[in-house]
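The structure appears below as structure tokens.
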Amino acid sequence: MAPPHGRHDPSTARFPEGFVWGTATSSYQIEGAVRADGRLPSIWDTFTHTPGRVHRNQTGDLADDHYHRYPEDVSLLADLGVTHYRFSLAWPRLQPEGYGPLNGAGLDFYSRLLDSLLDHGISPWVTLYHWDLPQTLEDSGGWPRRETAEHFAAYAALVHQRLGDRVEHWTTLNEPWCSAFLGYAAGVHAPGRTDGAAALRAAHHLLLGHGLAVRALREQGAGAIGVTLNLAPVEAASPERAADRDAARRVDGLVNRFFLDPLLRGAYPADVLADVADVTGTEHVRDGDLALIGAPLDFLGVNYYTPLVVRRRDAPTPGGPTPWGGAADVETVKRGLPETAMGWEIAPDGLYRTLTRVWREYGPPPLYVTENGAAFDDRVTPEGRVCDEERRGFLESHIAAAHRALAAGADVRGFFVWSLLDNFEWAEGYAKRFGLVHVDFETQRRTMKDSGRWFAEITRANAL
Ligand code: FCB
């Protein structure tokens, strides 16, 4: 039975024994060293080097220079008391063109990182794809092309052969919705295309790539395999307005159900296929694809930041391409709640609702919150402190929401804060700081924020 909503009682907020506490990062956002040791460009290198795409034309060329500074970053993880670290492998570092043999120098880097993590008692959670597609594969068609899915599975299998001895948890994709719809429809992420039909084909081929990779990893006896989705409750701005309720249904269909249904039920939602029928048909979905995509998983990763509140505009959304194929007449609205520096409204209850909804409607494998966190305009004081009370409050309320979901029966097994470090926040460049650790991008100096010190207490107590 669901506990009453409202204030969380801290005296009960112990987490189960073995609850996973971690932080998350991704390769392009932290590594830098984009031309080192045989790495070739990814779509994000090309995108960031195209003027006008990213805030102040910033790039991930240096980022947090984690490629060279990973020993310090692993010590920071140890300081945070986390037992798990979620990070992604850069495909263009490991297999520079997206096919062919693995690059030894790239493997060496990840091998050193894994050893360092294990030496510190930190269990690595590896994501195989967090948006940095080798540019060569984009040049031959990118995710809208079916072969990209096959290349992805081949890469996954090769990487597992070489690193699988030290990695128990494997995540195929991070947030395929963003890859497909921000990258190929809205064009605000790499590769910056604005073609709604291509985005829908990309979404299917990302899912197919996941399914093919799961099969390949299973054949090799991989440990636990999952996928991470960005999920959010979607509400109608005016629930009494039928047009808004329908807008909410369509957006929920595109963000949540278009991924949850094939992965956990082995079928695309019929209403969404009807909504997007004018954008594209389903010729690219072949017999057998959905059986692969719907193969059983060991865990589902949930990334949650903010809910979506939508309404239907009477005219098509002005201001250029939309990520919403089949819902171009929908716009998001705000409710006047406090916001993070991203302009995202703060609504911890949305995490509770997301976790309990997925649990109730899909009966998924164990759930992990694989990303949650907030950007605020942090400053280092002359005494060398970062007093980020807002981030601490944000995390406390969201960890409490995860605890309430657990108390309501959802099998939530872990919580990863986004992010370990301030880093390259995609189209926002270095303007938005999400880290528990502050990074001075001039000097690469790392400073633990107050929120990081607080999080270290939580991970050690296993309680709020
Ligand atoms: C998620 C991404 C992650 C980070 C956060 C803020 O969508 O997975 O890389 O940028 O948002």
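Keep in mind it's a predicted model, so treat the numbers as computed, not measured. For ligands, and for the atoms within them, numbers begin at 1 and follow the listed sequence. Along the sequence shown, residues carry numbers from 1.
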* Set of residues satisfying side-chain contact (heavy atoms from CB on, under 4.5 Å) with respect to His120, sequence neighbours excluded -> Val74, Ala78, Ser116, Ile122

* Asked: Under 6.0 Å from the CZ atom of Arg335, do we count more than 12 heavy atoms belonging to anything else shown?
  ->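 Yes, CZ of Arg335 has more than 12 neighbouring heavy atoms, counting only those of other groups under 6.0 Å.
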
Just distance, no hydrogens or angles: give the donor-acceptor pairs under 3.5 Å from side chains in residues 189-200, sequence neighbours left out.
from, atom 1, to, atom 2, distance (Å)
Arg193, NE, Glu138, OE2, 3.1
Arg193, NH2, Glu138, OE2, 3.1
Arg193, NH2, Gly141, O, 3.0
Asp195, OD1, Ala197, N, 3.1
Asp195, OD1, Ala198, N, 3.0

* Pair Ser111-Arg166, side-chain donor/acceptor within less than 3.5 Å ->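 Side-chain D/A pair, Ser111 to Arg166: present.
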
* Asked: Do Cys178 and Asn230 have side chains that get closer than 4.5 Å, going by heavy atoms?
  -> yes

* To do: Mind checking side-chain hydrogen bond (donor to acceptor under 3.5 Å, both in side chains) for Asn372 and listing every partner two or more places apart, or none if nothing turns up?
  =>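 Not a single residue meets the side-chain hydrogen bond (donor to acceptor under 3.5 Å, both in side chains) criterion with Asn372.
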
N/O pairs closer than 3.5 Å, ligand 1 and protein:
from, atom 1, to, atom 2, distance (Å)
ligand 1, 7 (O), Glu175, OE1, 2.5
ligand 1, 7 (O), Glu175, OE2, 3.1
ligand 1, 8 (O), His130, NE2, 3.3
ligand 1, 8 (O), Asn174, ND2, 3.0
ligand 1, 8 (O), Glu175, OE1, 3.4
ligand 1, 8 (O), Glu175, OE2, 3.4
ligand 1, 8 (O), Glu371, OE1, 3.1
ligand 1, 8 (O), Glu371, OE2, 3.0
ligand 1, 9 (O), Gln29, OE1, 2.8
ligand 1, 9 (O), His130, NE2, 2.8
ligand 1, 9 (O), Trp426, NE1, 3.0
ligand 1, 10 (O), Gln29, NE2, 3.3
ligand 1, 10 (O), Glu425, OE1, 2.7
ligand 1, 10 (O), Glu425, OE2, 3.2
ligand 1, 10 (O), Trp426, NE1, 2.9

